[in-house]
Amino acid sequence: MTVRTSAVRTRFAPSPTGYLHIGGARTALFAWAYARRHGGQFILRIEDTDIARSTPEAVQAILDGMQWLGLAHDEGPFYQMQRMYRYKEVIQQMLAAGTAYHCYTSKEELDALRAAQEANKEKPRYDGTWRPETGKTLPVPPSGVQPVVRFRNPTEGVVAWDDQVKGRIEIANAELDDFIIARADGTPTYNFCVVVDDWDMKVTHVIRGDDHVNNTPRQINLLEALGAPVPRYGHLSMILGDDGTKLSKRHGAVSVMQYDDDGYLPEAVLNYLARLGWSHGDEEVFSMAQFIEWFDLDHITSSAAQFNTEKLNWLNAHYIKLADDARLGQEIHRRLAREGVTETAQPEAASIAALYKDRVSNLNELADNAHAFYVAPHPSAELLAQHLTDSAKAALGDLRSRLASAEFSPEALAKTLKETLAATGLKMPQVAIPLRVVLLGQPQSPAIDRVLAVMGREEVLRRLGRVI
RNA sequence: GACCCUAUCGUCUAGAGGCCUAGGACAACACCCUUUCACGGUGUGAACCGGGGUUCGAAUCCCCGUGGGGUCGCCA
């Protein structure tokens, strides 16, 4: 099988140390969209070499998040822990080629070195004690010390690349040091694994977070030492919290699955994320199919973007209006079940969804509204006293007797309501509002005739009977 | 501290030297619609960080400040 090198291959490479948060989701979205846009492949790679912090639960959480968003990968997931043999093989090759070397400086010595440099207001870096140079005599390796392996980074010149979102970036090799590619226990480190993987997996476009800009020159040097092709890089700026401060576990960096819990539709989250830091003229609302058609790296904003829940809410409201009633009905059931409300056969959740879908901006809000149809509310005495006046009671009594034999369609019910108005001489709000309080426990609702029709004769009469 | 990135309405952004008396969207406010509350519709207010250049002309290019962010691990 031959791999067409011209084909675009992108990857999303999270480390499974927590859930998929909103920043990671956007990175995945952009890498996915780029591959889709160019008819290429999207690879999922799990960077689990930090055995102390990686967990299977986190892997599952990431997979769940990707699935909820609908970001399907074409290859993988590949697990770095399963590729150890390959990393070790490449390390041996580098040692043999002289592009890497053993270093016996201990952690303690390194800490001391770093502290001294910081005290001196210098940039902390490895001092090259064990770096082989022509004509240089290396110290004698101390006995009983397992060495780490360091990459022999070039000392002169600059590393430069045309970042697909930020433009040309140049970093002097003098700023870099000989970083560790294998620990004393032989396990490879991040920058090394990434390079070998991107090479082996033939990744053509590395689309990742801004926080990796400083890793890029090291990775390019490594790639070049290996004689591997250098992919194109595009660094996405960060997403800031709603208040403009950095997202963190404690502050706003919630799992994408939390958005599901919080009542957001995945298409709303996707549309919002796509538009956060990327634009296509004045387009605000678009499907993923449209996004894929339009997506490019040229129109990504290079500065950090602040998350705005208000706008997400607006998009969510929009997509709820568009959503299928049956699907929204399922969402109502799911969310009601979470609160222990399971006997929800009548009325049909889909018909309640139809009643509320263009007035709510959130699925939980939709479920809350549906709740009152299934579980009779207990309006407060205050609310009853305010709305259930003697004239209102009389009107409700009149309506109740008419409802006993009326047809339960919105049109017929509107007529029935008018008959009560004529009989009592009241205005619509004087009847409709007390009726809402009795039926739903609150003075506002969708058009009352539609509410009556959806609730059904039996339940309407039962609830009216409790107060009259 | 060093290095790197970045800077248009409150927020997300359009803008690739003249199309900009800076456009759109969310939010805000006003009005309309209305059987209540919403939804919806219409409209209003709201920005080129500062200073120097370059140019006939700069939001757009360059430099210097300042603000913001990132990175400096045998974490990823």
Side-chain angles (χ1 to χ4, degrees), chain A residues 13-17 47-50 52-54 80 103 105-107 110-111 114 117-125 146-150 163 165-167 169-172 174-177 179-191 193-194 209-217 235 237-238 240 242-246 272 275-285 298-299 301-315 317 321 356-361 365 369 414 417-418 421 427-433 435-437 442-449:
Chain A
S15 60
T17 54
E47 310 214 323
D48 54 355
T49 54
D50 184 353
R53 295 197 302 147
S54 298
Q80 290 187 324
C103 165
T105 305
S106 70
K107 271 184 195 173
L110 244 24
D111 288 343
R114 202 167 7 246
Q117 286 166 332
E118 275 170 12
N120 237 349
K121 294 191 188 290
E122 285 169 23
K123 186 167 180 165
R125 60 211 308 282
Q146 277 298 311
V148 298
V149 178
R150 285 184 185 271
D163 195 275
V165 350
K166 290 178 184 294
I169 300 178
E170 292 188 354
I171 290 170
E175 291 295 330
L176 274 21
D177 66 356
F179 57 99
I180 292 170
I181 59 175
R183 304 177 179 93
D185 66 5
T187 57
T189 60
Y190 169 77
N191 277 119
C193 298
V194 167
D210 219 346
D211 47 339
H212 289 290
V213 168
N214 293 278
N215 288 324
T216 305
H235 289 96
S237 57
M238 304 210 65
L240 269 24
D242 231 331
D243 58 358
T245 62
K246 189 188 165 187
Y272 179 72
R275 193 60 190 68
L276 187 63
W278 173 84
S279 62
H280 184 76
D282 289 339
E283 301 293 342
E284 296 286 349
V285 181
D298 299 334
H299 291 83
T301 311
S302 44
S303 55
Q306 189 171 319
F307 194 90
N308 186 228
T309 305
E310 300 279 8
K311 191 160 183 178
L312 206 212
N313 288 343
W314 171 75
L315 275 168
K321 287 186 185 72
Y356 284 91
K357 66 193 286 187
D358 54 6
R359 27 193 314 125
V360 300
S361 63
E365 201 183 330
N369 282 124
L417 241 14
K418 288 212 173 75
L421 296 186
K427 298 284 187 198
M428 182 61 97
Q430 296 173 296
V431 177
I433 293 182
L435 186 54
R436 289 185 171 101
V437 169
Q442 54 177 38
Q444 305 89 28
S445 84
I448 193 65
D449 44 2

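Hydrogens, waters and symmetry mates play no part in the numbers below; they use all other heavy atoms, side chains included.
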Item to check | Closest to side chain of Ser303(A), choosing from C74(B), U6(B), C12(B) | outcome: U6(B)

Item to check | For atom CG of Leu176(A) and atom C1' of U71(B), their distance in whole Å | outcome: 11 Å

Checklist entry - Using a cut-off of 4.0 Å on non-hydrogen atoms, how would the nucleic acid contact of Val213(A) be classed: base, sugar-phosphate, or nothing? => result sugar-phosphate

Checklist entry - Base, sugar-phosphate alone, or nothing: which one does Lys107(A) contact when heavy atoms must sit under 4.0 Å apart? => result base

Give me, pair by pair, the N or O atoms of the protein and of nucleotides 15-20 of chain B that are less than 3.5 Å apart, along with how far apart they are.
none

Next on the checklist: Could you check whether any side-chain heavy atom of His299(A) comes within less than 4.5 Å of a side-chain heavy atom of His280(A), counting everything from C-beta outward?
Outcome noted: no

Output a table of nitrogen or oxygen pairs between the protein and nucleotides 43-50 of chain B separated by less than 3.5 Å.
none

Item to check | Length of the CG-P vector between Leu240(A) and G68(B), whole Å | outcome: 12 Å

Checklist outcome for this item: Quick note, Arg114(A) side chain, CB onward, closest among G1(B), U13(B), C74(B) is C74(B)

Checklist entry - Once you round it to whole Å, what is the distance between C1' of G23(B) and NE2 of His280(A)? => result 15 Å

Checklist entry - From the list A76(B), U36(B), G73(B), which nucleotide is the closest neighbour of the side chain of Tyr190(A)? => result A76(B)

Checklist entry - If each of Met238(A) and Ile169(A) is mapped to the nucleotide of RNA chain B with the nearest heavy atom, which maps nearer the 5' terminus, i.e. the 5' end? => result Ile169(A)

Item to check | Watson-Crick or G-U wobble partner of G17(B), both distances under 3.5 Å | outcome: none

Checklist entry - Do the side chains of Val285(A) and Leu315(A) get nearer than 4.5 Å, heavy atoms only? => result yes

Next on the checklist: Give me the distance, rounded to whole Å, that separates G50(B) from A76(B) when you measure between the C1' atoms they each carry.
Outcome noted: 39 Å

Item to check | Contact state string [nucleotides 24-35 of chain B, B base, S sugar-phosphate only, - no protein heavy atom under 4.0 Å] | outcome: BBSS-------B

Item to check | Backbone of Ala172(A) reached by a side-chain donor or acceptor of Glu175(A) within 3.5 Å | outcome: no

Item to check | Whole-angstrom distance between G57(B) and C19(B), as gauged at atom C1' | outcome: 14 Å

Checklist entry - With a 4.5 Å limit on heavy-atom distance, are the side chains of Thr49(A) and Thr187(A) in contact? => result no

Next on the checklist: What's Thr49(A) touching, base or sugar-phosphate or nothing? Going by heavy atoms closer than 4.0 Å.
Outcome noted: sugar-phosphate

Checklist outcome for this item: Using Watson-Crick geometry (N1-N3 plus N6-O4 or O6-N4) or G-U wobble (N1-O2, O6-N3), each under 3.5 Å, C39(B) is paired with none

Checklist entry - Distance-only, no hydrogens or angles: does the Ser361(A) side chain make a donor-acceptor pair with backbone N or O of Ala317(A) under 3.5 Å? => result no

Checklist entry - Pick one: which of Asp211(A), Asp210(A), Thr216(A) meets side chain to side chain donor-acceptor pair (under 3.5 Å) with His235(A)? => result Thr216(A)

Next on the checklist: Looking at U34(B), which nucleotide sits across from it as a Watson-Crick or G-U wobble partner, both distances under 3.5 angstrom, or is there none?
Outcome noted: none

Checklist entry - NE2 of His212(A) versus P of G73(B): gap in Å, rounded? => result 16 Å

Checklist outcome for this item: side chain to side chain contact (heavy atoms under 4.5 Å, CB included) filter on Asn308(A), not counting sequence neighbours, yields Asp242(A), Tyr272(A), Glu310(A), Lys311(A)

Checklist outcome for this item: The Watson-Crick or G-U wobble partner of A7(B), with both key distances under 3.5 Å, is U66(B)

Are any protein N/O atoms closer than 3.5 Å to N/O atoms in nucleotides 58-66 of chain B? If there are, list each pair with its distance.
none

Next on the checklist: Return the pairing partner of C48(B) with a 3.5 Å limit on both distances, Watson-Crick or G-U wobble; otherwise return none.
Outcome noted: none

Checklist entry - So do Pro16(A) and Ser54(A) actually touch side chain to side chain, heavy atoms under 4.5 Å? => result yes

Item to check | Between A46(B) and A58(B) - C1' atom distance, rounded Å | outcome: 23 Å

Checklist entry - Quantified in whole Å, what is the C1' atom distance between nucleotide C63(B) and nucleotide U55(B)? => result 16 Å

Next on the checklist: I'd like to check the side chain to side chain contact (heavy atoms under 4.5 Å, CB included) partners of Ala447(A); sequence neighbours left out, ordered by chain and number.
Outcome noted: Asp449(A), Arg450(A)

Checklist entry - Counting side-chain heavy atoms from CB outward, which of U71(B), G1(B), A2(B) is closest to Pro124(A)? => result G1(B)

Next on the checklist: Distance check, C1' atoms only: G70(B) and A59(B), in whole angstrom units.
Outcome noted: 26 Å

Checklist entry - Which part of the nucleic acid, if any, lies within contact of Gly209(A), taking any heavy atom under 4.0 Å across all strands shown: a base, the sugar-phosphate backbone alone, or nothing? => result nothing

Checklist entry - If you check the Asp358(A) side chain, which of C39(B), C3(B), C12(B) turns out closest? => result C39(B)

Item to check | Side-chain touch Ser15(A)/Asp50(A), heavy atoms, less than 4.5 angstrom | outcome: no

Next on the checklist: What I'd like to find out is whether the side chain of Asp177(A) reaches to under 4.5 Å of the side chain of Lys123(A), using heavy atoms alone.
Outcome noted: no

Checklist entry - When the P atoms of U60(B) and A7(B) are considered, how many whole Å apart are they? => result 11 Å

Next on the checklist: Main chain of Arg125(A), side chain of Gln117(A): is a donor-acceptor contact present, judged purely on distance under 3.5 Å?
Outcome noted: yes

Checklist entry - Counting any heavy atom closer than 4.0 Å, what does Pro446(A) reach on the DNA or RNA strands: base, sugar-phosphate only, or nothing? => result base

Checklist entry - When we call it a touch if two heavy atoms are under 4.0 Å apart, what does Asp163(A) touch: a base, just sugar-phosphate, or nothing? => result nothing

Checklist entry - So, do Arg436(A) and Ile448(A) sit near enough that their side-chain heavy atoms are less than 4.5 Å apart? => result yes

Next on the checklist: Under 4.0 Å, heavy atoms only, any strand: does Leu276(A) hit a base, just the sugar-phosphate, or nothing?
Outcome noted: sugar-phosphate

Item to check | C1'-based separation of U13(B) from A27(B) [nearest Å] | outcome: 14 Å

Next on the checklist: Has Thr189(A) got a side-chain atom pairing as donor or acceptor with Ile180(A)'s backbone, closer than 3.5 angstrom?
Outcome noted: yes

Item to check | C48(B) and A22(B), which share atom name C1', separated by this distance in whole Å | outcome: 8 Å

Checklist entry - What does Lys427(A) touch in the nucleic acid at a heavy-atom separation under 4.0 angstrom: a base, only the sugar-phosphate, or nothing? => result nothing

Item to check | Between G68(B) (P) and Asp211(A) (CG): distance, integer Å | outcome: 20 Å

Item to check | Nucleotide opposite G57(B) in a Watson-Crick or G-U pair, distances under 3.5 Å | outcome: none

Checklist outcome for this item: By the Watson-Crick or G-U definition, both distances under 3.5 Å, C72(B) is matched with G1(B)

